[in-house]
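Read through the structure below, which is laid out as structure tokens, and then see the notes.
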Amino acid sequence: MNEVARPGESAAVPAPMPGAQPIVLRPDEGAPPPPAPAGRRGLSPINRRRLDNFRRNRLGYASFLIFTVLFVASLFAEFIANDRPILLSYKGEWLVPVLVDYPEEKFGGFLAQTDYRSPEIRKEIAENGWALWPAIRFSYDTINEDLPTPSPSPPTWMLTDAQCKPVAEKLGGSTCADIPWHWLGTDNTTRDVLARVIYGFRISVLFGLILAAVSSAIGVVAGAVQGYFGGWVDLAFQRFIEVWGGIPTLYLIIIISAFIAPGFFVLLGIMLLFSWVALVSVVRAEFLRARNFEYVRAARALGLSNIRIMAVHLLPNAMVATLTFLPFILNGSITTLTSLDFLGFGLPPGSPSLGELLAQGKDNLTAPWLGLTGFLVIAVMLSLLVFAGEAVRDAFDPRKTFV
């Protein structure tokens with residue numbers, strides 16, 4: 001009768017038959033196989049291949065890194081371009097004016113808000129402490145009344161010492177090196193162009209990211225419902241999209257701006273009403289193609305709900321096309337905001353905007369630094385997004401190989 005080994009006991013080894021050769025086991029025989037080398041956790045082999053293909057596209061990968069660095073840096077625009085000190089030591093007290101609004105009475109004044117650029121405040125701080133200023137001492141809305149030349153003033157490095165001397169003498173100097181520099185000049189209201197470019201870049205990218213993310217999510221859901229259920233659901237959705245997509249968005253924004261002042265979230269809401277249509281056809285085609293595959297039929301036979309089949313089994317395949325189109329949707333969202341600002345139907349007046357900078361360049365042809373700056377910034381930003389989008393498309397293309 002065979003005996004079963006109990007837990008903790010070794011199994012009985014049967015005696016060898018007469019005349020049989022003894023079995024000699026190698027030291028590593030019967031041992032569990034060595035663990036496989038650990039790869040990138042959380043990534044499947046196909047996603048690792050896509051990531052490697054994306055990195056091998058040097059132009060697209062470099063564009064993605066440059067765009068990411070610029071965007072992350074713009075998130076800290078207050079620490080790069082501001083008319084307030086980043087850190088301040090005054091009479092033994094540590095202050096952070098870049099984050100906190102201190103009343104002027106703290107420095108011996110009487111105003112509700114401190115103007116750190118005034119000579120009296122700067123003298124008071126210099127006599128009783130020190131201040132750490134940003135690299136650019138102007139915010140996007142700082143009005144500089146002490147310009148060497150009439151506004152719009154050219155970049156400071158284009159001026160001569162004779163032009164800078166009247167302003168430099170007020171600050172105790174005599175040359176252009178003794179005055180705060182406007183690296184890209186000023187606009188027609190004496191505001192620093194470089195500071196407005198940094199803040200405007202941040203607003204444009206944030207607007208594009210939010211619009212692209214939310215509209216993509218709505219478009220994916222709408223396309224998934226159409227493609228999976230088909231029939232009358234698909235037919236009704238298609239007719240609705242044809243009507244809805246035919247509404248002129250620009251005219252609607254012009255009409256709404258006549259009743260309410262367009263702001264960031266107002267424009268975002270209006271654009272969101274129409275921008276979700278871009279991905280519907282792509283996702284719908286993917287769901288129509290895959291809904292009759294064998295694994296989907298097997299999932300239905302096992303009793304899985306439609307929502308689970310759509311979310312777990314079909315959506316990952318449709319996300320390939322979605323991720324491929326996402327950088328180009330972001331590009332279009334940024335271009336839309338820039339166009340509206342250029343036409344005067346975008347952000348409120350005074351807001352930092354690249355489109356508004358282009359409009360100023362059109363109105364001030366004798367100040368070429370305005371139009372050239374706006375054009376170069378927009379061209380570089382959109383080019384980086386296009387190159388990164390092409391790299392993403394190639395990475396998700398199974399027919400694309402890199403040597």
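In what follows, every heavy atom counts, from backbone to side chain, and hydrogens, waters and symmetry copies are set aside.
Residues Leu159 and Pro154 have side chains in contact (heavy-atom distance under 4.5 Å, counting atoms from C-beta outward). Residues Leu211 and Ser275 have side chains in contact (heavy-atom distance under 4.5 Å, counting atoms from C-beta outward). Residues Leu88 and Tyr102 fail the side-chain proximity criterion, which asks for heavy atoms closer than 4.5 Å. Residues Ile198 and Phe76 fail the side-chain proximity criterion, which asks for heavy atoms closer than 4.5 Å. With a 4.5 Å cut-off on side-chain heavy atoms, Val220 and Trp276 do not count as touching. The shortest distance between side-chain heavy atoms of Leu357 and Arg196 does not fall below 4.5 Å.
The minimum heavy-atom distance linking Gly371 with Leu358 is given by the pair O-CD2, 4.0 Å. Pairing each heavy atom of Glu78 with each of Pro134, the nearest pair is O-CG, 4.4 Å. Listed here is the closest heavy atom pair of Glu104 and Phe110: OE1-N, 3.3 Å. Residues Cys164 and Pro148 approach most closely at CA-CB, 4.1 Å, considering heavy atoms. The nearest pair of heavy atoms linking Trp369 to Thr366 is CZ3-O, 4.3 Å. Ile136 approaches Leu194 most closely through the heavy-atom pair CD1-CD2, 3.3 Å.
Partners of Glu120 by side-chain contact (heavy atoms from CB on, under 4.5 Å), not counting sequence neighbours, listed by chain and number: Ser118. Not counting sequence neighbours, the partners of Tyr116 by the ring-ring contact (aromatic ring centres under 6.0 Å, His included) test are Phe107. For Arg58, the side-chain contact (heavy atoms from CB on, under 4.5 Å) criterion is met by no residue, not counting sequence neighbours. With sequence neighbours excluded, the residues that form a side-chain contact (heavy atoms from CB on, under 4.5 Å) with Leu147 are Asn144, Ser151, Ser153, His182, Thr186, Thr190. Take Tyr199 and apply the ring-ring contact (aromatic ring centres under 6.0 Å, His included) test, not counting sequence neighbours, and it matches Tyr140. For Phe64, the ring-ring contact (aromatic ring centres under 6.0 Å, His included) partners at least two apart in sequence or on another chain are Phe54. Listed by chain and number, the residues in a side-chain contact (heavy atoms from CB on, under 4.5 Å) with Pro348 are Ser351 (sequence neighbours excluded). Trp181 meets the ring-ring contact (aromatic ring centres under 6.0 Å, His included) test with Trp183; sequence neighbours excluded.
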Report task. Carefully, step by step, assess Lys170 and Glu145 under the rule salt bridge (charged side-chain N to carboxylate O under 4.0 Å, His left out). Result -> CA-CA 12 Å; Lys170 296 181 181 179; Glu145 299 179 353; over 6 Å; no
Query raised in the report: Arg297 and Asn292: side-chain contact (heavy atoms from CB on, under 4.5 Å), yes or no, with the steps?
Result: CA-CA 7 Å; Arg297 294 180 179 179; Asn292 291 323; 4.2 Å; yes
Query - From CA spacing to verdict: side-chain contact (heavy atoms from CB on, under 4.5 Å), Lys91, Glu124 - result: CA-CA 10 Å; Lys91 294 183 179 180; Glu124 179 69 18; 4.1 Å; yes
Query raised in the report: Do Asn188 and Asp363 pass the side-chain contact (heavy atoms from CB on, under 4.5 Å) test, and can you show the C-alpha distance, the side-chain angles, and the key distance before you say yes or no?
Result: CA-CA 10 Å; Asn188 55 5; Asp363 296 335; 5.8 Å; no
Report task. Please step through side-chain contact (heavy atoms from CB on, under 4.5 Å) for the pair Thr322 and Val283, ending with a clear verdict. Result -> CA-CA 7 Å; Thr322 302; Val283 179; 3.7 Å; yes
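Side-chain contact of Glu242 with Gln238: a donor-acceptor pair under 3.5 Å is absent, judged by distance alone. Donor-acceptor pairing under 3.5 Å is lacking for the side chains of Asn53 and Arg50.
None of Asn82, Asp192, Asp83 except one satisfies the side-chain hydrogen bond (donor to acceptor under 3.5 Å, both in side chains) rule with Thr142; the exception is Asp83. Looking at Val72, Leu70, Leu65 one by one, the single match for side chain to side chain contact (heavy atoms under 4.5 Å, CB included) with Thr68 turns out to be Val72.
Other residues, nucleotides and ligands contribute at most 12 non-hydrogen atoms within 6.0 Å of the CD1 atom of Ile307. Within a 6.0 Å sphere centred on CZ of Arg300, heavy atoms belonging to other residues, nucleotides or ligands number more than 12. Within 6.0 Å of atom CZ in Phe293, more than 12 heavy atoms from other residues, nucleotides or ligands are found, so the atom counts as buried in its surroundings.
Each ring-ring contact (aromatic ring centres under 6.0 Å, His included) pair with one or both residues in residues 217-236, not counting sequence neighbours, would appear here, but there are none. Pairs passing the disulfide bond (SG atoms under 2.5 Å apart) check and including a residue from residues 72-155, sequence neighbours excluded, do not occur. Listed by first and then second residue, the disulfide bond (SG atoms under 2.5 Å apart) pairs that reach into residues 191-281 come to none, sequence neighbours excluded.
No donor-acceptor pair under 3.5 Å is formed between the side chain of Gln113 and the backbone N or O of Asp101. The main-chain N or O of Leu87 is never found under 3.5 Å from a side-chain atom of Trp94 such that the two would form a donor-acceptor pair. Between the side chain of Gln226 and the main chain of Gly223, no donor-acceptor pair closer than 3.5 Å is present. A donor-acceptor contact shorter than 3.5 Å is absent between the side chain of Asp178 and the backbone of Glu169.
A distance of 9.5 Å separates CG of Leu385 from CZ of Phe328, quoted to the nearest 0.5 Å. Here His313 contributes atom NE2 and Tyr295 contributes atom OH; the two are 8.5 Å apart, rounded to the nearest 0.5 Å.
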Output a table of donor-acceptor pairs, distance under 3.5 Å, between side-chain atoms of residues 261-272 and any protein atom two or more places apart or on a different chain; print 'none' if there are none.
none

